[in-house]
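First comes the structure, then the notes that go with it.
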Amino acid sequence: MSRYNFRETETKWQRLWAERGSFTAQDDPTRKKYYVLEMFPYPSGKLHVGHVRNYTMGDLVARYRRAQGFNVLHPMGWDAFGLPAENAAIAEGVHPGKWTAENIATMRGQLQRMGFSYDWSRELAACDPDYYKHEQKMFIDFLAADLAYRRESWVNWDPVEHTVLANEQVIDGHGWRSGAPVEKRLLSQWFLRITAFSDSLLESLQGLDRWPERVRLMQENWIGRSEGARVTFELAAGALAGDDQTGDSIEIFTTRPDTLYGASFLALSPHHPFAQRLAEKNPALAEFVADCDRLGTSEAAIEAAEKRGYATGIEAIHPLDPSRRVPVYVANFVLMEYGTGAIFGCPAHDQRDLDFARKYGLPVIPVVLPPGEDPASFAVGDTAYVDDGTAFNSDFLDGLAVADAKRAVGERLEAIGVGRRTIQFRLRDWGVSRQRYWGCPIPVIHCPDCGIVPVPEDDLPVELPADVSFDKPGNPLDHHPTWKYVACPYCNSPSQRETDTLDTFFDSSWYFLRFCSAHAPIAFGRKAAEYWMPVDQYIGGVEHAVLHLLYSRFFTRALSKCGYLGLEEPFAGLFTQGMVCHATYQNQAGDWLFPEDVNEGGGGKLVDSAGAAVTVGRLEKMSKSKKNVVGLERIVETYGADTARLYLLSDSPPERDLEWTETGIEGIWRYVNRLWRMATEPEAALPAPGTAIPADLSPGLAGLRRQIHKTIAAVTDDLDKFRFNRAVARIRELTNALDDLPAGDPGAGAVLREGLETTALLLGPMMPHLAEELWQTLGRGEWIATASWPAADAALARDDQVTIAVQINGKLRATLDLPRDTEKGAIERAALDLPQITRLLEGKAPKKIVVVPNRIVNLVA
RNA sequence: GCGGACGUGGCGAAAUGGUAGACGCAGCAGACUUAAAAUCUGCUCUCCGACAGGAGGUGCCGGUUCGAGUCCGGCCGUCCGCACCA
């Protein structure tokens, strides 16, 4: 019995495809294009099976669309800037560039070993100056277009590492590496004006109908549009003792301007400029503000934190009733980053305001009357009333419903010039400055005379210096003895380079455009981009639902505004695949163990290499820290690339998490060998390729042929809809049927040939090496890589006999085999004639009979 | 708190409102073998029954329908995203 030699076969086909350049994409405007892309990986060391699942899906789509005749672009590259390279430099003393290049080499080899149909001629790496010089030019163009700017901003500052931390690097208010409490610091940082596109980014989500609903929802929430009003409160005269502050005012944002008559205080963020100014003269307030800054920003810290306010003693004048005054507080729960950094409190109709009012003894004035309540007796207890109702205690608004009151008060505020209706977004501008070495240098120079000036385009790229040391905390660029000292390109004064580098999300926001013309001297050729873009099918993890996917949508708009292309949405279709999980193992000491170090110890118990008992933990996403990773090398060495690929496609729906099991992949390996034997040792002699199939087949063979064509139709539909696990099941059903071939019937060999060839074509996108080898074994000349996707013959796929279920009161009692499209009356008679049915009906006629042709009969007794 | 997804055998899962559990994993029995592996055949939702056959069954309660895993309402549970957002 022959065994499939995957080593030889897979290497052979990989070589042949490469020699012929089977997957090199040519720009050809006469052909329909299809751009399929998987999120490019960070070169962290080695590929794990989670990566491979993602790329297997992408490769399936690429090969499937190629077979359908599309001109397919399927490129791969490296998201090669990032902190792990610097951590490796600190820990192991290896240069980040060297570390990254070595990882890329390893991972490229692994990808090639998997047989993915990438156009390697377009490979790129973000850390290559030939790549990042283009994003330096983009940054300068963004500056000119006012899409990039510099401002002071409150950031997470790690006092031990001397660097800004991203939100995800702050865990429970502490730096993830140093463990030091993170402080809020006001620093000058570069920002990209993503908020300039808030409306467009939100509205265009509607049109992304090939995106998962939940990703669109997450972006919608992130952008967070709310309608409301900005209202100006004048401060009472003499607000600041010893300082002439008359005429000062505070602008607040509210979504409930209809409750303005219920105002009983104003609250300012501790970072509000007015609060800061007051704090300069008021040590107690300064202490309060400092206290607020020490508070963590984590969820737990916020939940635990008490709502606290500092009464400034200042009063504000109610904008709609100048006779009324409300006290001004500085409060720890008001965010400077949202709205205007100041709010008015209406305790009766906002729970947090109510809690605050109760704590500080402020009045609670109800101004929205719930339906059915008496205005004379309605009062708010411990729960604010936030629902719809009728305005009262509100002068000209009295009697209006909430929505009408909002409109009326908006008009009045605008008429008397104390406010205006606005739309507020939650989205904030994107801070891109990072105090790190291994990133793209921000191409600006700080000149004492000219100010902050862009590096002239002729001087690009600003390359990272190779000779850096990581022996001091902080940014090596800042410590570098020479790199940052330059002459101003405009006035020649001694100046300094910007030493911050760009957030690595900048790199990944346009790589899909670079792939369209990867060797162009400019960032990308407009014609090539407009041919290939948008990406027809993008595939990646849901963890980028907001960050990368939102930034890329912004970039496409920003680049279009700067004249690079004319496009808004980069990704027409998006698929977010599930993670690959594995059980976790711990020894008695609590150390994590690699799965390959855990063995069956008899009696269902698991033991480690020393024979000691092992605790099995829960299924978790594969991660280095818990060691529940499966090495790709061993899998590919043992079973081959095709087996791994089919397993990753077959076991779970692609959007769901998949549990990696050794028994699962063994099952696929058995299937691979079974297919191999069926083709190399066929049960019936196969006629020459292309031989016509006899028309007068036995019923068994006719049924088998029908199944072949049904399978083609079903698999095609499944692949279109990303139901890969079902497609695999259909193909395996066909394999089972072919294995039960009525081998003695005339024409058996011809039907078997059609079945095996179909199977090879359908498996082509999933197990490309085996498919090619089967195809060749069956005597076909051309390659699957260039063969067309099979077409189902509708006439052949059609059933001439159908099984109809017979129910009594909705319960299945019998089945009925009848010719397809038998008339209702005939079906009904046949059902009533069934002995089980006559017995169960006991001679009584059913009250009602429902007949669905070709499907079901339901007798209502 | 707000938003979303999901809940089906021992396990991964199938099922345009129409025969629940396809396909696979694991398990059991058998064939082949000196033996094992590999391979092949059969069985495998639960309960009653020797069989035939019946009864029940898709987290729980109710509804719509001739008919509900699927649609609607309300619970319970799990997971995910956002969140002092005014």
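Each chain gets a letter, A, B and so on, in the order the sequences are listed, and its residues count up from 1.
- Distance from the side chain of A/V850 is smallest to B/G18 among B/C40, B/G18, B/C23.
- Less than 6.0 angstrom separates the ring centroid of A/F356 from the ring centroid of A/Y329.
- Distance check on atom C1': B/G27 versus B/U44 gives 8 Å, rounded to whole Å.
- Nucleic acid contact class of A/T815 (heavy atoms, under 4.0 Å, all strands): base.
- The partner of B/C40 is B/G30, judged by Watson-Crick or G-U wobble contacts that both fall below 3.5 Å.
- A glycosidic torsion no more than 90° from 0 defines the syn conformation, and B/G9 adopts it.
- Summarising the base pairing, B/C79 is matched to B/G4 through a Watson-Crick or G-U wobble pair whose two defining distances lie under 3.5 Å.
- A/V728 comes within 4.0 angstrom of nothing in the nucleic acid, heavy atoms only.
- Distance noted for atom C1' between B/C84 and B/A14: 46 Å (whole Å).
- Between B/G69 and B/G7, the two C1' atoms lie 11 Å apart (nearest whole Å).
- With sequence neighbours excluded, no residue forms a side-chain hydrogen bond (donor to acceptor under 3.5 Å, both in side chains) with A/T576.
- In this structure, B/G73 forms a base pair with B/C61, meeting either the Watson-Crick or the G-U wobble geometry with both donor-acceptor distances under 3.5 Å.
- Note: CD (A/E659) to P (B/G10) measures 17 Å, nearest angstrom.
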Tell me, with the steps shown, if A/D353 and A/I343 meet side-chain contact (heavy atoms from CB on, under 4.5 Å). CA-CA 10 Å; A/D353 292 349; A/I343 61 165; 4.1 Å; yes

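- Atom C1' of nucleotide B/U16 and atom CD1 of A/I856 are separated by 14 Å, given to the nearest angstrom.
- Side-chain N/O atoms of A/R730 and base N/O atoms of B/A22 include no donor-acceptor pair closer than 3.5 Å.
- The CG atom of A/D718 sits 11 Å away from the P atom of B/U16 (whole-angstrom rounding).
- Using a distance-only test at 3.5 Å, with no hydrogens or angles considered, a donor-acceptor pair links the side chain of A/T340 to the main chain of A/A342.
- If you check B/A86, B/U19, B/G81 against the side chain of A/N221, the one that comes closest is B/G81.
- Separating the P atom of B/U33 from that of B/G18 is a span of 50 Å, rounded to the nearest Å.
- Nucleotides B/G42 and B/G24 are separated by 12 Å at their P atoms, to the nearest Å.
- Nearest nucleotide to the A/R656 side chain, out of B/C84, B/U19, B/A14: B/A14.
- The A/V852 side chain lies nearest to B/G18 when the options are B/A22, B/G18, B/C85.
- We find that CG of A/L648 is positioned 17 Å from P of B/G12, with the value rounded to whole Å.
- A/R839 has its CZ atom 14 Å from the P atom of B/A52, to the nearest Å.
- With B/A20, B/G54, B/C66 as the choices, the nucleotide that has an atom nearest any side-chain atom of A/L812 turns out to be B/A20.
- Using the six-membered ring where Trp is involved, A/Y310 and A/F288 have ring planes that are tilted, between 30° and 60° apart.
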Could you run down the sub-3.5 Å N/O contacts of the protein with nucleotides 25-28 of chain B?
residue : atom : partner : partner atom : Å
B/C25   : OP1  : A/R670  : NH2          : 3.1
B/C25   : O2'  : A/T663  : OG1          : 3.1
B/A26   : OP2  : A/R670  : NH2          : 3.3

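- The base of B/U16 lies close enough to the side chain of A/R855 for a donor and an acceptor atom to sit less than 3.5 Å apart.
- Residues A/D740 and A/R813 each lie close to RNA chain B; by heavy-atom proximity, the contact nearer the 5' end of the strand is made by A/D740.
- Nucleotides B/U46 and B/G21 place their P atoms 14 Å apart, quoted to the nearest Å.
- In this entry B/C85 has no Watson-Crick or G-U wobble partner, no candidate having both defining distances under 3.5 Å.
- Atom-to-atom, CD1 of A/I731 to P of B/G24 comes out at 13 Å; the value is rounded to the nearest Å.
- Of the candidate nucleotides B/U19, B/C40, B/A22, B/U19 has the atom nearest to the side chain of A/A805.
- Of the candidate nucleotides B/C23, B/G18, B/U19, B/U19 has the atom lying nearest to any side-chain atom of A/T803.
- Here the side chain of A/N673 pairs a donor or acceptor atom with the backbone of A/Y4 at under 3.5 angstrom.
- At whole-Å resolution of the value, CZ in A/R225 and P in B/G3 are 19 Å apart.
- Mapping A/V542 and A/G339 onto RNA chain B by nearest heavy atom places A/V542 at the nucleotide closer to the 5' end.
- At least one donor-acceptor pair under 3.5 Å links the side chain of A/R645 to the backbone N or O of A/M766.
- Pairing for B/U19 is absent, judged as Watson-Crick or G-U wobble with the two contacts each under 3.5 Å.
- Contact check, A/N736 against B/G24: a side-chain N or O comes under 4.0 Å of OP1 or OP2.
- Note on A/R426: a side-chain N or O is less than 4.0 Å away from OP1 or OP2 of B/A83.
- Counting non-hydrogen atoms under 4.0 angstrom, A/L217 reaches the backbone sugars and phosphates but no base.
- A distance-only check finds a donor-acceptor pair linking the side chain of A/T259 to the backbone of A/R256 [under 3.5 Å].
- Between A/K721 and A/D717 there is a salt bridge, since at least one side-chain N of the basic residue sits less than 4.0 Å from a carboxylate O of the acidic one.
- Residue A/K848 has a polar side-chain atom (N or O) positioned under 4.0 Å from OP1 or OP2 of B/C66.
- A cation-pi arrangement is not found for A/R426 relative to A/Y338, the charged atom failing to lie both closer than 6.0 Å to the ring centre and inside a 45° cone about the ring normal.
- Applying the 3.5 Å distance criterion, the base of B/C66 shares a donor-acceptor pair with the side chain of A/N858.
- Residue A/V860 has its side chain nearest to B/C66 when only B/C84, B/C85, B/C66 are considered.
- Partner assigned to B/G24 is B/C11, using Watson-Crick or G-U wobble distances below 3.5 angstrom.
- Dashed line: the shortest gap from a side-chain N or O of A/K811 to OP1 or OP2 of B/G56 is under 4.0 Å.
- The distance between atom CZ of A/R674 and atom P of B/U39, rounded to the nearest whole Å, is 10 Å.
- Taking the ring centroids of A/Y647 and A/W669, they lie at or beyond the 6.0 Å cut-off.
- Between B/A14 and A/N725, a contact under 4.0 Å exists linking OP1 or OP2 to a side-chain N or O.
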